[in-house]
Amino acid sequence: MFPKKFFIQTFGCQMNVYDSERIAQLLTARNYQQVDDPARADLILVNTCSVREKPEQKVYSALGRFQDLKRRKPGLLIGVAGCVAQQEREKLLERVPYLDFVLGTKELRRITEFLDLRETSGHRPCATALGGRVDPYQDLPLFPPPGRTTAFVSIMQGCDNFCSFCIVPFVRGREVSRASRDILEEIRSLSAAGVKEVTLLGQNVNSYGNRAPGEISFTDLLEAVQRVPGVERIRFTTSHPKDLSPRLIQSFGRLSKLCEHIHLPLQSGSNRILDRMSRGYSREEYWEKVLSLRRTYPEISITTDMIVGFPGEEERDFEESLEMIERVQFDDLFSFRYSDRPHTRASDLTEKIPEELKQRRLIDLQSLQRKITSGKSRAWEGRVAEVLAEGPSKAGAEEKTGRTRTNRIVNFPGASISAGSLLKVRIEKALAHSLRGELIPE
Ligand code: SAM
Ligand code: SF4
């Protein structure tokens, strides 16, 4: 019998990319085959994100595009997973009559059970239990796909911080750290399948292990990953500034495999807004952490997330955000217009900022950062960087793409270079979103 084919469309963050990979592994274990064209699929899964701006609409329009395929192929199954599934639950089934199942964020292990149920009973299943501090990946079979150089590994789920703007604790549940034993086993199997770089994922990796009695700390986990043979590089995201400990800061430069890049979301440069966001740190405390990181490793790359137009943000608050960006000189940043999310405390705040003003602030903030980023990129010209080759660049197989330890994309001619090679590349030119270089022969 020919294997059935599945297609996964993933929206949102790295966490969702990781979940899609684990779902793909479960399906592969059931003799399904992944395809990149939904028209060839027997199963389409839309893995969704609801962190920002009308994500439900994106999901409904994605589903709308697949409706026609379902008409032409009545056996086709369509499911929704992820944060929008968790948020909308049965409502999704009510609104989309051709939808076959809804899989919540902590229910991904039930995917094959749901396919069987749908096919045998005609029932349209929906499971969205968050189940306390339960690890959704525990005991799932591991089938790392071959041919990969980099991989994500989720080390924790959910969040207990309840920042006032954020939906994550409501759709991903309470913070739960995976057992370090399971994480290390997963990393060993990724390494055996050829992976050279792992990125440890969590909403707040700095608090890894804190709520799991007997578990090791995040810094100890980094040390254990450092000892896994075959792994050449370690990254992690995201760090919450309030929990960034001196010991973790000291790991940069001390652990040879730990890449010198930290994503440290600031969100706002105004203490008044940080307080309303319930972030748990002030701009002064954030700045102290930046100084401490740079004292430990002067060339460390620091990136951040910023929100503009949080309810009540006045012009002087926004100017304080610009001032912090200027002061810190981030290597890069992701910036977002504030949007109300269900269940969050900020959504009940009055003093909403008009969309045009948010947009103007976003443009101003991004143009400041563009100048900083391009100055930082130009500073690379003429220098030599260690690059991990990840595969062909968008320009074709003659050219390869990879990243520096500080997470900058580098493209360079190298037809004979295979993915997974650690190389020395001389940076010739800084472009808007990447660097161009020439390989230095060994
Ligand atoms: N855990 C990370 C932290 O503590 O910073 C952030 C995770 S959140 C999934 C990713 C980013 O989305 C946040 O850093 C924030 O900038 C942005 N974000 C979250 N909720 C938002 C909202 N309601 N409106 C706009 N941006 C939002
Ligand atoms: Fe959301 Fe705050 Fe948790 Fe980050 S730390 S996931 S912003 S609640």
Side-chain angles (χ1 to χ4, degrees), residues 10-19 47-56 82-84 86-87 105 130 152 154-177 199-208 210-211 218 236-244 262-270 273-281 285-286 289 302-313 318 321 324-325 330 332-349 352-353 355 358-359 361-362 365-366 369:
T10 307
F11 290 102
C13 61
Q14 294 145 324
M15 205 73 87
N16 267 16
V17 173
Y18 178 79
D19 281 349
N47 192 6
T48 61
C49 170
S50 65
V51 169
R52 290 177 295 270
E53 300 217 64
K54 306 190 173 59
E56 306 84 3
C83 297
V84 176
Q86 191 66 43
Q87 183 192 312
T105 52
L130 284 175
F152 295 132
S154 169
I155 63 165
M156 58 210 293
Q157 263 276 2
C159 186
D160 283 0
N161 283 319
F162 291 91
C163 301
S164 66
F165 54 81
C166 184
I167 196 173
V168 167
F170 304 98
V171 288
R172 290 266 176 187
R174 307 308 298 268
E175 179 182 302
V176 48
S177 297
T199 303
L200 310 183
L201 298 179
Q203 292 300 346
N204 180 13
V205 291
N206 305 344
S207 63
Y208 173 83
N210 287 358
R211 289 171 188 80
F218 182 56
F236 60 81
T237 194
T238 295
S239 272
H240 195 303
K242 78 176 164 58
D243 298 315
L244 179 61
I262 187 163
H263 187 65
L264 196 63
L266 171 61
Q267 312 297 1
S268 168
S270 151
I273 298 297
L274 285 173
D275 191 46
R276 288 166 73 106
M277 288 176 163
S278 309
R279 286 292 287 178
Y281 54 85
E285 284 162 340
Y286 186 93
K289 304 247 164 160
I302 305 177
T303 55
T304 202
D305 290 349
M306 295 294 280
I307 295 178
V308 297
F310 186 83
E313 184 188 69
F318 175 63
S321 288
M324 276 301 273
I325 292 170
F330 292 108
D332 209 351
L333 63 73
F334 300 93
S335 48
F336 311 104
R337 282 185 306 254
Y338 167 82
S339 59
D340 274 342
R341 308 307 306 130
H343 314 295
T344 60
R345 278 175 291 134
S347 64
D348 294 330
L349 294 175
K352 293 278 157 39
I353 307 297
E355 286 305 317
K358 284 189 209 166
Q359 184 59 19
R361 288 181 181 165
L362 190 72
L365 187 150
Q366 289 178 341
Q369 183 58 40

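Side chains included, hydrogens not; waters and symmetry mates left out as well; all remaining heavy atoms used. Atoms within each ligand, like the ligands themselves, are counted from 1 in listed order.
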Chemist: For atom 19 (C) of ligand 1, grab the closest protein heavy atom and report residue, atom and distance to one decimal in Å.
Modeler: Val51 CG1, 3.4 Å
Chemist: Please state which part of Pro265 comes within less than 4.0 Å of ligand 1, counting heavy atoms only: side chain, backbone, both or neither.
Modeler: side chain
Chemist: Work out which heavy atom in Tyr338 is nearest to a heavy atom in Ile307; give both atom names and the distance.
Modeler: CB-CG2, 3.6 Å
Chemist: Looking at atom 23 (N) of ligand 1, what's its closest protein heavy atom, distance included?
Modeler: Ser339 O, 2.8 Å
Chemist: Under 4.0 Å from a heavy atom of Arg337: give me the atoms of ligand 1 that qualify, with their elements.
Modeler: 24 (N), 25 (C)
Chemist: Could you pull out, from Gln14, Gln203, Arg341, the option with a heavy atom nearest to atom 2 (C) of ligand 1?
Modeler: Gln203
Chemist: Which heavy atom of Met156 sits nearest a heavy atom of Ser177, and at what distance?
Modeler: CB-CA, 3.9 Å
Chemist: Starting from atom 16 (O) of ligand 1, locate the nearest protein heavy atom and write down its residue, its atom name and how far away it is, to 0.1 Å.
Modeler: Gln267 OE1, 2.8 Å
Chemist: Look at the N, O or S atoms of Cys159, main chain and side chain alike, and state whether any lies under 2.8 Å from atom 3 (Fe) of ligand 2.
Modeler: yes
Chemist: May I ask whether Arg172 places a heavy atom under 4.0 Å from ligand 2?
Modeler: no
Chemist: If we ignore angles and hydrogens, is there a donor and acceptor under 3.5 Å between the side chains of Gln14 and Thr199?
Modeler: no
Chemist: Just distances here: any N/O of Phe165 and N/O of ligand 1 closer than 3.5 Å?
Modeler: yes
Chemist: Against Phe310, only a single residue in Ser321, Ser268, Ser164 fulfils side-chain contact (heavy atoms from CB on, under 4.5 Å); can you say which?
Modeler: Ser164
Chemist: Would you say the ring centroid of Phe334 lies under 6.0 angstrom from that of His263?
Modeler: yes
Chemist: Is there a polar contact between ligand 1 and His240, counting only N or O atoms under 3.5 Å apart?
Modeler: no
Chemist: Name the option, out of Met277, Arg279, Arg52, that contains the heavy atom nearest to atom 4 (O) of ligand 1.
Modeler: Arg279
Chemist: Determine whether the side chain, the backbone, both or neither of Phe165 has a heavy atom under 4.0 Å from any heavy atom of ligand 2.
Modeler: side chain
Chemist: Could you tell me if Lys242 and Asn161 have a donor-acceptor pair between their side chains, going purely by distance under 3.5 Å?
Modeler: yes
Chemist: Please could you name the atoms of ligand 1 that Ile307 approaches to less than 4.0 Å, counting only its heavy atoms?
Modeler: 15 (C), 16 (O), 26 (N), 27 (C)
